[in-house]
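So the structure is just underneath, and the comments pick up after that.
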Amino acid sequence: MKPRVYVETSIISYLAARPSRDVVLAGHQKTTQLWWEGRRADFDLFASEAVVNEASAGDAQAARRRLEFLGELPLLDISSEVSALAGELIRLGPIPPKAVVDAVHVAVSAVYGLDYLLTWNCSHLANAQMRNRINQVCVSSGYRAVVICTPGELMEA
């Protein structure tokens, strides 16, 4: 059985974006493309309606490109369990109230028992100070911890 990965919106956005002139963003784009082309077949990938909603926003042409990538992925439901865990992640503080959708991404990953949450969101998700606190809430709520990581962390050694 392949490891299961929740693909968060930032991954789709980097895949679909025009090449950036910003060196850091361009590096993230390239790493994401390399992972998508070379490693995604080694994993079962999933998203949720939360990713679709975020990817649908903004420029229509860019949204269309993002949705093309998402069209390949099965969508996991945002169940009452997911909503409850997302609420706990916000209530207990590892994720701020302004980042509700980030809490949903974590909750989908935890409730469905996925192995990884793949993201470039280093403010609220792939953040060394946040990961432990996020996983403490997941575990205390009866779910196993999710490995929150960037594409570079899932590249073959």
Side-chain angles (χ1 to χ4, degrees), residues 1-17 28 31-33 35-127 130-155:
M1 186 166 139
K2 294 179 184 178
R4 300 181 319 148
V5 176
Y6 180 86
V7 179
E8 185 265 344
T9 316
S10 61
I11 301 301
I12 300 300
S13 294
Y14 278 120
L15 284 171
H28 288 177
T31 300
T32 304
Q33 291 164 356
W35 185 87
W36 191 262
E37 293 165 5
R39 289 285 288 154
R40 77 177 158 143
D42 297 329
F43 302 91
D44 287 329
L45 306 183
F46 299 89
S48 71
E49 196 62 39
V51 177
V52 172
N53 291 341
E54 285 185 304
S56 298
D59 177 76
Q61 188 175 18
R64 189 169 39 258
R65 286 192 306 272
R66 290 188 294 268
L67 293 173
E68 285 175 17
F69 283 105
L70 277 173
E72 303 174 24
L73 306 184
L75 299 181
L76 301 171
D77 292 329
I78 299 174
S79 65
S80 57
E81 281 183 89
V82 168
S83 296
L85 180 55
E88 284 297 284
L89 287 161
I90 291 166
R91 185 181 73 77
L92 296 173
I95 297 180
K98 68 180 182 179
V100 171
V101 74
D102 294 336
V104 169
H105 296 315
V106 171
V108 168
S109 301
V111 167
Y112 286 96
L114 302 184
D115 300 294
Y116 301 100
L117 188 167
L118 194 64
T119 184
W120 280 111
N121 178 339
C122 296
S123 296
H124 303 125
L125 299 176
N127 176 315
M130 304 298 279
R131 286 179 188 151
N132 286 339
R133 293 176 57 211
I134 288 168
N135 282 327
Q136 286 171 351
V137 172
C138 291
V139 170
S140 69
S141 297
Y143 303 100
R144 69 184 177 98
V146 176
V147 176
I148 301 170
C149 59
T150 65
E153 294 174 287
L154 279 186
M155 292 299 271

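- The shortest heavy-atom contact between Ala103 and Ala86 is CB-O, 3.7 Å.
- Distance CG/Leu154 to CZ/Phe43: 4.5 Å, rounded to 0.5 Å.
- What you find for Ile148 and Val106 is that their closest heavy atoms are CD1-CG2, 4.4 Å.
- With sequence neighbours left out, the side chain to side chain donor-acceptor pair (under 3.5 Å) criterion links Thr119 to Glu8, Ser10.
- In this structure, SG in Cys149 is found 11.0 Å from CG in Leu125, a value given to the nearest 0.5 Å.
- Summarising the geometry, atom SG belonging to Cys138 is positioned 5.0 Å from atom CG belonging to Leu89; distances are rounded to the nearest 0.5 Å.
- Every residue was checked against the ring pair (Phe, Tyr, Trp, His ring centres under 6.0 Å) condition with His124, not counting sequence neighbours, and none meets it.
- Partners of Arg64 according to the side-chain contact (heavy atoms from CB on, under 4.5 Å) rule, which considers only residues two or more places apart in sequence or in another chain, are Gln61, Glu68.
- In this structure, the side chain to side chain donor-acceptor pair (under 3.5 Å) partners of Tyr143, at least two apart in sequence or on a different chain, are Glu81.
- Taking Arg40 as the reference, Trp35, Trp36, Leu45, Glu72 meet the side-chain contact (heavy atoms from CB on, under 4.5 Å) condition, with sequence neighbours excluded.
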> Should Arg133 and Leu92 be marked as a side chain to side chain contact (heavy atoms under 4.5 Å, CB included) after you check the CA-CA gap, both sets of side-chain angles, and the distance that decides it?
Replying inline: CA-CA 9 Å; Arg133 293 176 57 211; Leu92 296 173; over 6 Å; no

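- The heavy-atom pair separating Ala55 from Thr9 by the smallest distance is N-CG2, 3.9 Å.
- Side-chain contact between Val52 and Leu67: present, with at least one pair of heavy atoms (C-beta onward) separated by less than 4.5 Å.
- Looking at residues two or more places apart in sequence or on another chain, you find a side-chain contact (heavy atoms from CB on, under 4.5 Å) between Ser83 and Ile78.
- Residues forming a side chain to side chain donor-acceptor pair (under 3.5 Å) with Asp42 (at least two apart in sequence, or on another chain): Arg39.
- The closest side-chain heavy-atom distance from Leu114 to Leu76 is below 4.5 Å.
- Residues satisfying the salt bridge (Lys or Arg N to Asp or Glu O under 4.0 Å) criterion with Arg65, sequence neighbours excluded, are absent altogether.
- When all heavy atoms are compared, the tightest approach of Ile90 to Pro97 is CG2-CA, 3.8 Å.
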>> Checking Asp115 against Arg144 for the side chain to side chain contact (heavy atoms under 4.5 Å, CB included) test, could you report, in this order, the C-alpha distance in whole Å, the side-chain angles of both residues, the deciding distance, and whether it holds?
In response: CA-CA 9 Å; Asp115 300 294; Arg144 69 184 177 98; 3.1 Å; yes

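- One finds the CZ atom of Phe69 at 4.5 Å from the CG atom of Leu15 (value rounded to the nearest 0.5 Å).
- Annotation: side-chain contact (heavy atoms from CB on, under 4.5 Å) contacts of Lys2 (sequence neighbours excluded): Asp44.
- Residue Glu54 holds its CD atom at 10.5 Å from CG of Leu70, rounded to the nearest 0.5 Å.
- Remark: Asn121 engages Asp102 in a side chain to side chain donor-acceptor pair (under 3.5 Å) (not counting sequence neighbours).
- Scanning all heavy atoms of the two residues, the minimum distance from Tyr14 to His28 falls at OH-ND1, 3.3 Å.
- Just one residue in the list Val111, Leu117, Ile134 forms a side-chain contact (heavy atoms from CB on, under 4.5 Å) with Val146, and that residue is Leu117.
- For residues 45-65, the set of pairs meeting the ring-ring contact (aromatic ring centres under 6.0 Å, His included) definition, not counting sequence neighbours, is empty.
- Every residue meeting the salt bridge (Lys or Arg N to Asp or Glu O under 4.0 Å) condition with Glu153, not counting sequence neighbours, appears here in chain and number order: Arg131.
- Thr31 and Gly152 make their closest contact through CG2-N, 3.6 Å (heavy atoms, listed as atom of the first residue, atom of the second, distance).
- Atom OG1 of Thr32 sits about 9.5 Å away from atom CD1 of Ile12, to the nearest 0.5 Å.
- A distance-only check finds a donor-acceptor pair linking the side chain of Tyr112 to the backbone of Asp77 [under 3.5 Å].
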